[in-house]
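The next block holds one structure in the form of structure tokens; read it before the comments.
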Number of protein chains: 2
Amino acid sequence: MDLPSSAGKKSVTVKRILKAAASVFSESGFSGARVDEIAKRAGVNKATIYYHIGDKEKLYAEVISNVIGNTAEMIAGKIKGIRDPEEKLRVYVRTFARNIDDNPQVAPVMMREVASGGEHLPEVVARDIFHIVNMLRGILKEGVEKGIFIETVPFLIHIMVMGAMVTYKTSAPIRAKYNWLPAGIKKLDDKISGTIAGEIENLILRAVTK
Amino acid sequence: MDLPSSAGKKSVTVKRILKAAASVFSESGFSGARVDEIAKRAGVNKATIYYHIGDKEKLYAEVISNVIGNTAEMIAGKIKGIRDPEEKLRVYVRTFARNIDDNPQVAPVMMREVASGGEHLPEVVARDIFHIVNMLRGILKEGVEKGIFIETVPFLIHIMVMGAMVTYKTSAPIRAKYNWLPAGIKKLDDKISGTIAGEIENLILRAVTK
DNA sequence: GTGGTATAACTAACTGGTTAGTTCATTATC
DNA sequence: GATAATGAACTAACCAGTTAGTTATACCAC
């Protein structure tokens, strides 16, 4: 019924369904999301979703691929031209930060996906994430070979960066809710790219640099 | 984690309900969890849950307080006797790791709670988490004053440690699922306390130490 | 260019299984 | 026998997925 998402041939209706689905799933998770609500936000009849895409699972898989599907490619592109491993690492962090800022659904969707043990995670997406970690491993290895980085566990570095950013982003509404929180926490910027990413960048570089 | 029988006035039935609820909620999240399933695992009739505790929300709040409720106290206790900020920071990380290992429900529950913007987070628990970050701030400040740490954003350090550990723990089933993952990632220990916590400890210390 | 037909896109209304929460009778305990 | 605790059965609401039909457009034969 649906075409592989490679060709950008999606109709306006399909795009609207996917956009609505992304926002509902990111707010409520898979089981919390209501197909009726998605239909309502997309401004289509529920049956239209089943006509164009398929059942709830299929819809979710489509959304998740769309939302965290091409991060690896983006990072690879940004890193390509750079020589210095240190700068590569900085760009790695920055690109991630930008990606999370630009796609607000990524963070909560990814968190819940991990929390559920990848219950609904399409293998393609798992491979994409592995690809990202692998790039990081390349960067770190190169740094070690050039004598500027210490030996580390790339996967750990990855989840420290990722974990921090994703938690930072998703915790924003919680931080906003409680007035008794001190300014130091409450006043932190909502955007990651910028001050926060810069801070994380520096911390990670200090951690891995000889 | 089990309370001494003096402090815990909870009946055996209530304890069994809370234990069952914790495991179901941590597997399926709030909306994915079924009250019938909780009753079944606890070996009680569903009405017993409503008699002793209340509705699903009440039950969830009870579980969440139980599961991440007294971490602050535990950390405070462990840190009390220590002078050296560096060692305090190490203990901070280690205690957290231990806590996550000992209570396997903590990580997924916390992740989903953050992902949902604290939708069901009891304020008591939010205050507890803030208390933890505040302790970390104290440690870091002390280190800065003694001239051994650089200035950092405590909240960021906290979510780097936390994010990494929680992600590490919950990603275990995903890492186990895919056989195409290289040994370097697949062979990582499931327990955090030990090698992993040690590695995180070192990274964080390198990051904040002058 | 008119009538006929096929097809894609969509909808209102329905179905049947599921599930949170209730009721009330029954059992155990003191 | 009064109170606390539990069980079996029920109900009302909810919700994923279906059905049967409508509209719009394109295509084709004559």
Side-chain angles (χ1 to χ4, degrees), chain A residues 1-5 7-65 109 112-113 116 119-122, chain B residues 5 8-66 109 112-113 116 119-122:
Chain A
M1 175 90 345
D2 74 306
L3 309 155
S5 47
K9 279 187 176 178
K10 283 167 191 151
S11 72
V12 180
T13 307
V14 170
K15 273 183 198 158
R16 271 172 44 199
I17 292 170
L18 290 176
K19 197 180 159 192
S23 76
V24 174
F25 281 129
S26 87
E27 281 168 27
S28 317
F30 181 80
S31 41
R34 305 292 158 223
V35 179
D36 284 293
E37 174 66 20
I38 294 170
K40 193 176 150 199
R41 285 200 206 175
V44 301
N45 188 277
K46 185 162 58 160
T48 306
I49 294 175
Y50 287 87
Y51 174 77
H52 280 291
I53 291 160
D55 66 11
K56 197 182 176 185
E57 274 227 43
K58 189 88 199 309
L59 177 59
Y60 183 78
E62 206 66 41
V63 164
I64 213 173
S65 315
V109 167
R112 270 190 269 244
E113 208 41 57
S116 73
E119 199 182 349
H120 303 282
L121 191 75
Chain B
S5 50
K9 284 180 197 164
K10 285 166 190 152
S11 73
V12 180
T13 308
V14 169
K15 273 185 198 159
R16 273 176 39 203
I17 292 170
L18 290 176
K19 197 180 160 190
S23 75
V24 173
F25 280 129
S26 86
E27 282 168 27
S28 316
F30 181 79
S31 39
R34 303 292 157 226
V35 179
D36 284 293
E37 174 66 21
I38 294 170
K40 193 176 150 198
R41 284 200 206 176
V44 302
N45 188 276
K46 189 161 60 160
T48 308
I49 295 175
Y50 286 88
Y51 176 78
H52 281 291
I53 292 160
D55 66 11
K56 199 183 175 185
E57 296 244 10
K58 188 90 196 306
L59 177 58
Y60 183 79
E62 206 66 41
V63 164
I64 215 172
S65 315
N66 246 328
V109 166
R112 270 191 269 246
E113 208 41 57
S116 73
E119 199 182 348
H120 304 280
L121 192 76

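In the text below, chain A, chain B and the rest are named by the order of the sequence lines, each starting its count at 1.
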Inset, instruction - Please evaluate the base of D:dG17 for a donor-acceptor partner in the side chain of A:Lys46 within a cut-off of under 3.5 Å? - result: yes

Inset, instruction - Can you figure out which of D:dC15, C:dA9, C:dT19 approaches the side chain of A:Arg34 most closely? - result: D:dC15

Legend entry - Expected output: side-chain B:Lys56 to main-chain B:Phe30 donor-acceptor under 3.5 Å: yes

Inset, instruction - Could you work out which one of C:dA9, C:dT22, C:dT19 sits closest to the side chain of B:Ala47? - result: C:dT22

Legend entry - Distance below 4.0 Å between A:His52 side-chain N/O and C:dA8 OP1 or OP2: no

Inset, instruction - Report the nucleotide, chosen from D:dG17, D:dC15, D:dA4, that has the shortest atom-to-atom distance to any side-chain atom of B:Tyr51. - result: D:dA4

Inset, instruction - Could you tell me whether a side-chain N or O of B:Arg112 sits under 3.5 Å from a main-chain N or O of B:Ser26, the two making a donor and an acceptor? - result: yes

Legend entry - Residues B:Tyr60, B:Glu113; criterion side chain to side chain contact (heavy atoms under 4.5 Å, CB included); working and verdict: CA-CA 11 Å; B:Tyr60 183 79; B:Glu113 208 41 57; 2.4 Å; yes

Legend entry - Under-3.5 Å donor-acceptor pair between A:Asn45 side chain and C:dA12 base: yes

Inset, instruction - Taking only Lys NZ, Arg NE, NH1 and NH2, and the carboxylate oxygens of Asp or Glu, determine whether A:Lys10 and A:Glu62 approach each other closer than 4.0 Å. - result: no

Inset, instruction - Look at the side-chain N and O atoms of B:Thr13 and state whether any lies under 4.0 Å from the OP1 or OP2 oxygen of D:dT6. - result: yes

Legend entry - Spacing between A:Lys58 atom NZ and D:dG17 atom P, to the nearest angstrom: 13 Å

